[in-house]
Colleague: 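I am attaching a structure below and will ask some questions about it afterwards.
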Amino acid sequence: MRKLSLLVAFVILGLVGSTVHAGEKYKIGLCMASLDTFLSSMAQAAIDHAEKTGIVELTLVDAQDDTVRQTHQVTTLVENGVDALIINIVETTAAPRLIEAAKVRNIPIVFVNRNPFFNVGDGQPAENCWVVSSNSILEGAVGMEYVGEKLGGKGNIVILMGMLGQEAATNRTEGVRQVIREKYPEIKVLASETGNWFRDQGMSVMENYITAYGDQINAVCSNNDEMAIGAALALQANGMRDKVFVVGVDGTRDGIAAIESGLIDASAYQDPVAQGAGSIDIAIAVLRGENPERRILLPVEAVTRENLAKFKK
């Protein structure tokens with residue numbers, strides 16, 4: 001996959017292809033919370049797919065994990081006359097403001113990867129909104145199922161959480177705790193702390209865990225692969241890596257490579273290509289006046305050394 005430019009905004013112009021309806025051309029804003037390893041892959045998939053459709057002019061903006069910045073970017077795109085917005089939201093609580101900004105011009109929103117409606121009624125999106133994502137609770141549960149089995153249902157774990165206030169961090173952590181409550185009640189959570197999705201912060205938090213709990217730690221459940229890799233490096237530096245299971249979420253290229261090398265043990269794979277391309281397809285369908293499913297949940301799969309070949313690309 002070619003490297004994604006980290007410019008705050010740029011435009012991809014599609015070429016006219018066989019899928020074009022007469023006179024059809026759509027301006028879509030792709031608003032990313034950030035461009036970390038996983039989200040860069042997802043954004044690139046959206047860019048590639050938009051180009052292939054031949055009918056989309058795609059503008060990408062990067063909020064750099066700043067809610068205020070993202071709100072300003074969305075408002076600017078609305079004022080510039082986009083036909084639809086695809087939003088990978090920074091903070092779930094900001095959704096009403098973004099929806100209100102788009103509502104002024106009746107612009108549809110496709111929320112991708114992070115579902116801001118997970119705790120609203122039955123989880124159905126608000127009016128004129130759609131969601132393309134995986135089940136974040138399941139993403140956390142998949143890793144915990146692996147850990148629970150490896151520990152024989154007994155032991156101690158620590159949790160590395162993503163950025164607080166984000167749906168994925170909340171629900172992936174809940175997925176871990178849910179599996180413990182329902183299936184492995186003899187497994188204890190020693191601590192949970194945010195590493196903000198970053199490898200270096202995951203390493204720093206893990207070093208603190210090692211200082212506090214040492215050999216009591218039997219496994220690490222991380223909300224993403226980057227923090228899992230950081231935790232594994234801290235364990236390795238302290239001569240503990242072979243004694244502690246480490247699992248992540250995302251199944252990124254770095255995560256897959258870390259499983260292959262033995263640095264981490266497993267990950268919960270969510271498909272960035274399907275999410276990125278799928279969000280473009282939903283936006284186009286809505287703009288054509290079609291009635292696509294309001295909430296698309298893509299499958300989550302466990303990645304281990306045993307099935308690694310399936311996920312190497």
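The basis for the numbers below is simple: all heavy atoms, side chains too, and nothing from hydrogens, waters or symmetry mates.
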Colleague: List in chain and number order the residues that pass side chain to side chain donor-acceptor pair (under 3.5 Å) with Arg294, two or more places apart in sequence or in another chain; answer none if no residue qualifies.
Modeller: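 In terms of side chain to side chain donor-acceptor pair (under 3.5 Å), with neighbours along the sequence ignored, Arg294 is linked to no residue.
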
Colleague: Run the side-chain contact (heavy atoms from CB on, under 4.5 Å) test on Val74 and Ile87 for me, step by step, so that the C-alpha distance in whole Å, both residues' side-chain angles and the decisive distance to 0.1 Å come before the verdict.
Modeller: CA-CA 9 Å; Val74 167; Ile87 300 177; 4.0 Å; yes

Colleague: As a test of understanding, state which of Gln178, Glu145, Glu149 forms a side chain to side chain donor-acceptor pair (under 3.5 Å) with Lys183.
Modeller: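 Checked Gln178, Glu145, Glu149 against Lys183; only one passes side chain to side chain donor-acceptor pair (under 3.5 Å): Glu145.
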
Colleague: Side-chain contact, heavy-atom cut-off 4.5 Å: Gln270 with Leu298?
Modeller: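 When only atoms from C-beta onward are counted, Leu298 and Gln270 do not touch, as no gap falls below 4.5 Å.
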
Colleague: Counting N and O atoms only, with roles assigned by atom type, does the side chain of Asn307 sit under 3.5 Å from a partner on the main chain of Thr304, one being a donor and the other an acceptor?
Modeller: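 Yes, Asn307 side chain to Thr304 backbone: donor-acceptor pair under 3.5 Å.
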
Colleague: Is a donor on one side and an acceptor on the other found under 3.5 Å between the side chain of Thr71 and the backbone of Thr67?
Modeller: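 Flag set: sc Thr71 to bb Thr67 pair under 3.5 Å.
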
Colleague: Is there side-chain contact between Leu30 and Val61, with heavy atoms separated by less than 4.5 Å?
Modeller: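 Not touching, per the 4.5 Å side-chain cut-off.
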
Colleague: Indicate yes or no: at least one non-hydrogen side-chain atom of Val82 is less than 4.5 angstrom from one of Thr59.
Modeller: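 A side-chain contact is absent here, since even the closest heavy-atom pair is not under 4.5 Å.
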
Colleague: Is a side-chain donor or acceptor of Asp36 paired with a backbone partner of Phe38 at a separation under 3.5 angstrom?
Modeller: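 Indeed, once roles are kept as given, a pair shorter than 3.5 Å links the two residues.
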
Colleague: Applying a strict under-4.5 Å side-chain criterion to I, L, V, M, F, W and Y, I'd like to know whether Val249 and Tyr269 cluster together.
Modeller: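 Each belongs to a different hydrophobic cluster.
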
Colleague: Supply the atom-to-atom distance Thr252 OG1 to Glu226 CD, rounded to the nearest 0.5 angstrom.
Modeller: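 Spacing of OG1 (Thr252) from CD (Glu226) equals 6.0 Å.
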
Colleague: Looking at Asp254 and Arg199, is any side-chain nitrogen of the basic one under 4.0 Å from a carboxylate oxygen of the acidic one?
Modeller: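 Salt bridge present between Arg199 and Asp254.
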
Colleague: Over all heavy atoms of both residues, which pair between Ile280 and Ala46 is shortest? Give the atoms and the distance, please.
Modeller: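 Shortest heavy-atom contact: CG1-O, 3.7 Å.
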
Colleague: Report yes or no: does Gln166 contribute a side-chain atom to a donor-acceptor pair with the main-chain N or O of Val90 at less than 3.5 Å?
Modeller: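 Answer holds: yes.
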
Colleague: For Ala50 and Leu58, work out which heavy atoms get closest and say how close.
Modeller: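 For Ala50 versus Leu58, the nearest heavy atoms are CB-CD2, 4.0 Å.
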
Colleague: May I ask you to decide if Val68's main-chain N or O and Asp66's side chain share a donor-acceptor pair within less than 3.5 Å?
Modeller: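 Judged by distance alone, yes, a pair lies under 3.5 Å.
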
Colleague: Quick one: hydrophobic cluster around Val189, which other residues, with the 4.5 Å side-chain cut-off, linked directly or via members?
Modeller: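 Members alongside Val189: Met144, Tyr146, Val147, Leu151, Ile157, Ile159, Met161, Leu164, Val176, Val179, Ile180, Tyr184, Ile187, Phe245, Val247.
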
Colleague: Looking only at non-hydrogen atoms, find the nearest pair between Leu35 and Ser40 and report the distance.
Modeller: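 Reported closest heavy-atom pair: O-OG, 2.8 Å.
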
Colleague: For residues Gln216 and Asn156, is any side-chain donor paired with an opposing acceptor at under 3.5 Å?
Modeller: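 No donor-acceptor contact under 3.5 Å links the two side chains.
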
Colleague: According to a 4.5 Å side-chain heavy-atom criterion applied to Ile, Leu, Val, Met, Phe, Trp and Tyr, with indirect links allowed, do Trp130 and Leu297 form part of one hydrophobic cluster?
Modeller: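 No, Trp130 does not connect to Leu297 through the hydrophobic network.
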
Colleague: Within this structure, what is the CD-OG1 distance for the pair Glu91 and Thr93, rounded to the nearest 0.5 Å?
Modeller: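 With rounding to 0.5 Å, CD (Glu91) is 4.5 Å from OG1 (Thr93).
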
Colleague: If two hydrophobic side chains count as joined below 4.5 Å and joins carry through other members, does Val132 share a cluster with Leu60?
Modeller: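 Yes, it is one cluster - the side chains of Val132 and Leu60 are joined through contacts under 4.5 Å.
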
Colleague: Tell me who clusters with Val142, hydrophobic residues only, linked when side chains sit under 4.5 Å apart either directly or through other members.
Modeller: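 Besides Val142, the cluster holds Leu138, Val300.
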
Colleague: Measuring from atom NZ of Lys154 to atom NZ of Lys188, what distance do you get when rounded to the nearest 0.5 angstrom?
Modeller: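 Answer rounded to 0.5 Å: 15.5 Å.
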
Colleague: Okay, side chain of Asn171, backbone of Ile137: is any donor-acceptor separation there less than 3.5 Å?
Modeller: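 No; zero donor-acceptor contacts below 3.5 Å.
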
Colleague: Are the charged groups of Asp83 and Lys25 less than 4.0 angstrom apart, N to O?
Modeller: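 Between Lys25 and Asp83 there is no salt bridge, as every charged N stays at least 4.0 Å from the carboxylate O atoms.
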
Colleague: Counting distance only, does the side-chain N/O of Asp225 pair as donor-acceptor with the main-chain N or O of Gly251 below 3.5 Å?
Modeller: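 Yes, Asp225 side chain to Gly251 backbone: donor-acceptor pair under 3.5 Å.
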
Colleague: Measure from the side-chain N and O atoms of Tyr209 to the backbone N and O of Glu193, and report whether any donor-acceptor pair falls under 3.5 Å.
Modeller: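 Between the backbone of Glu193 and the side chain of Tyr209 there is a qualifying donor-acceptor contact (under 3.5 Å).
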
Colleague: Is the number of heavy atoms from other residues, nucleotides or ligands under 6.0 Å of Asn80 CG greater than 12?
Modeller: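 Yes, CG of Asn80 has more than 12 neighbouring heavy atoms, counting only those of other groups under 6.0 Å.
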
Colleague: If you round to the nearest 0.5 Å, how far is CZ of Arg114 from OG of Ser134?
Modeller: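 Nearest 0.5 Å value for the OG-CZ distance: 13.0 Å.
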
Colleague: Taking only residues two or more places apart in sequence or in another chain, which ones pass side chain to side chain contact (heavy atoms under 4.5 Å, CB included) with Ala168?
Modeller: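 Side chain to side chain contact (heavy atoms under 4.5 Å, CB included) check on Ala168 returns Ser136, Arg172, Trp197.
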
Colleague: Can you see which heavy atom on Asn113 is nearest to which on Ser133, and at what distance?
Modeller: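 That closest heavy-atom pairing would be O-CB, 3.6 Å.
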
Colleague: Strictly distance-based, threshold 3.5 Å: is any side-chain N or O of Thr173 a donor or acceptor partner for the main-chain N or O of Thr170?
Modeller: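 Looks like no, no N/O pair under 3.5 Å.
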
Colleague: Do we see a donor-acceptor contact under 3.5 Å between the side chains of Glu167 and Thr92?
Modeller: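 Thr92 and Glu167 do not have a side-chain donor-acceptor pair below 3.5 Å.
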
Colleague: For residues Ile99 and Ala126, report the shortest heavy-atom separation together with the two atoms involved.
Modeller: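 So the minimum-distance heavy-atom pair works out to CD1-CB, 4.2 Å.
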
Colleague: Regarding Glu174 and Arg181, does a basic nitrogen lie under 4.0 Å from an acidic carboxylate oxygen?
Modeller: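 Looking at Glu174 and Arg181, the cut-off is met.
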
Colleague: If I take atom CD1 from residue Ile107 and atom CG from residue Leu287, how far apart are they, to the nearest 0.5 angstrom?
Modeller: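 Going from the CD1 atom of Ile107 to the CG atom of Leu287 covers 10.0 Å.
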
Colleague: Side chain of Arg105, backbone of Glu79: donor and acceptor closer than 3.5 Å?
Modeller: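 The answer is yes, because a donor-acceptor pair under 3.5 Å joins these two groups.
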
Colleague: Go through it in stages, so that I can follow the logic: the residues are Arg177 and Ser192, the test is side chain to side chain donor-acceptor pair (under 3.5 Å), and I'd like the CA-CA distance, side-chain angles, deciding distance and then a yes or no.
Modeller: CA-CA 11 Å; Arg177 294 184 181 278; Ser192 59; 3.2 Å; yes

Colleague: Between Glu139 and Asn135, does any side-chain donor sit less than 3.5 Å from a side-chain acceptor?
Modeller: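 Their side chains do not contain a donor-acceptor pair, so the 3.5 Å distance test is not met.
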
Colleague: Any chance you could measure Met42, atom CE, to Asp250, atom CG, to the nearest 0.5 Å?
Modeller: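 Met42 CE to Asp250 CG: 10.0 Å, rounded to 0.5 Å.
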
Colleague: Decide yes or no on side-chain contact (heavy atoms from CB on, under 4.5 Å) for Asp265 and Ile259, but give the supporting numbers first.
Modeller: CA-CA 5 Å; Asp265 296 288; Ile259 294 171; over 6 Å; no

Colleague: Could you walk me through whether Asp62 and Arg69 pass salt bridge (charged side-chain N to carboxylate O under 4.0 Å, His left out), step by step?
Modeller: CA-CA 9 Å; Asp62 172 14; Arg69 183 193 297 268; over 6 Å; no

Colleague: Is it true that Glu260 and Lys312 make a salt bridge, defined as a side-chain N closer than 4.0 Å to a carboxylate O?
Modeller: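 A salt bridge is present here (some side-chain N lies under 4.0 Å from a carboxylate O).
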
Colleague: How far apart are the closest heavy atoms of Val220 and Ala231, and which atoms are they?
Modeller: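 Looking at all heavy atoms of both residues, the closest pair is CG1-CB, 4.2 Å.
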
Colleague: Is Leu190 reachable from Met203 through a run of I, L, V, M, F, W or Y residues, each pair having side-chain heavy atoms under 4.5 Å apart?
Modeller: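 Same hydrophobic cluster.
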
Colleague: Going by the ring-ring contact (aromatic ring centres under 6.0 Å, His included) test, which pairs reach into residues 54-104, not counting sequence neighbours?
Modeller: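 Listed by first then second residue: nothing to list.
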
Colleague: Taking ring pair (Phe, Tyr, Trp, His ring centres under 6.0 Å) as the definition, give me every residue that meets it alongside Phe111, ordered by chain and number, with sequence neighbours left out.
Modeller: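 Applying ring pair (Phe, Tyr, Trp, His ring centres under 6.0 Å) to Phe111 gives Phe117.
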
